[in-house]
Novice: 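Just passing along the structure, written as C-alpha coordinates.
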Amino acid sequence: MSWAAPLRLALSLGLPPEAFWRLSLKEWRALTQAPDAPCLNRAGLQDLLARYPDEETAP
(Lines give C-alpha, C1' and ligand atoms only; values in the text may rest on other atoms or scores of the structure.)
Protein backbone atom coordinates (compact mmCIF):
# COMPACT_ATOMS: atom_id res chain seq x y z
CA MET A 1 0.00 0.00 0.00
CA SER A 2 1.19 3.47 -0.84
CA TRP A 3 1.07 5.85 2.12
CA ALA A 4 1.74 8.95 0.02
CA ALA A 5 -1.90 9.91 -0.62
CA PRO A 6 -3.09 9.46 2.99
CA LEU A 7 -0.06 11.35 4.27
CA ARG A 8 -0.68 14.23 1.81
CA LEU A 9 -4.31 14.35 2.97
CA ALA A 10 -3.21 14.45 6.61
CA LEU A 11 -0.82 17.28 5.84
CA SER A 12 -3.55 19.20 4.03
CA LEU A 13 -5.68 18.83 7.19
CA GLY A 14 -2.85 20.38 9.21
CA LEU A 15 -1.81 17.11 10.83
CA PRO A 16 1.98 16.74 11.18
CA PRO A 17 3.52 13.42 10.05
CA GLU A 18 4.30 12.35 13.63
CA ALA A 19 0.62 12.72 14.59
CA PHE A 20 -0.47 10.90 11.41
CA TRP A 21 1.59 7.84 12.28
CA ARG A 22 0.18 7.77 15.85
CA LEU A 23 -3.46 7.73 14.67
CA SER A 24 -5.48 4.57 15.00
CA LEU A 25 -7.51 3.43 12.00
CA LYS A 26 -10.68 4.47 13.85
CA GLU A 27 -9.30 7.99 14.41
CA TRP A 28 -8.20 8.28 10.77
CA ARG A 29 -11.66 7.29 9.55
CA ALA A 30 -13.28 9.81 11.90
CA LEU A 31 -11.06 12.55 10.44
CA THR A 32 -11.56 11.65 6.80
CA GLN A 33 -15.10 10.34 6.42
CA ALA A 34 -17.85 12.64 5.24
CA PRO A 35 -20.30 13.62 7.94
CA ASP A 36 -23.56 11.74 8.09
CA ALA A 37 -26.25 13.30 5.96
CA PRO A 38 -29.22 14.57 7.91
CA CYS A 39 -32.35 12.48 7.56
CA LEU A 40 -35.77 13.83 6.75
CA ASN A 41 -37.95 14.05 9.86
CA ARG A 42 -41.72 14.51 10.11
CA ALA A 43 -41.49 18.32 10.36
CA GLY A 44 -39.29 18.44 7.27
CA LEU A 45 -41.69 16.22 5.36
CA GLN A 46 -44.66 18.38 6.35
CA ASP A 47 -42.75 21.47 5.18
CA LEU A 48 -42.02 19.86 1.80
CA LEU A 49 -45.64 18.77 1.43
CA ALA A 50 -46.83 22.32 2.15
CA ARG A 51 -44.38 23.88 -0.31
CA TYR A 52 -44.86 21.30 -3.06
CA PRO A 53 -48.39 19.89 -2.86
CA ASP A 54 -49.46 17.09 -5.19
CA GLU A 55 -51.28 18.38 -8.20
CA GLU A 56 -54.62 16.87 -9.13
CA THR A 57 -54.63 15.29 -12.57
CA ALA A 58 -57.66 14.84 -14.75
CA PRO A 59 -58.79 11.20 -15.15
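Quick caveat, the model's predicted, so the values are computed rather than measured.
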Novice: Just distance, no hydrogens or angles: give the donor-acceptor pairs under 3.5 Å from side chains in residues 1-15, sequence neighbours left out.
Specialist:
unit_1: Ser2; atom_1: OG; unit_2: Ala4; atom_2: N; d: 3.4
unit_1: Ser12; atom_1: OG; unit_2: Leu9; atom_2: O; d: 2.7

Novice: Please table the atom pairs, donor to acceptor, closer than 3.5 Å between any side-chain atom in residues 43-55 and protein atoms at least two apart or in another chain.
Specialist:
none

Novice: Is it true that a side-chain atom of Glu27 and a backbone atom of Ser24 form a donor plus acceptor pair closer than 3.5 Å?
Specialist: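 Checking the backbone N and O of Ser24 against the side chain of Glu27, a donor-acceptor pair under 3.5 Å is found.
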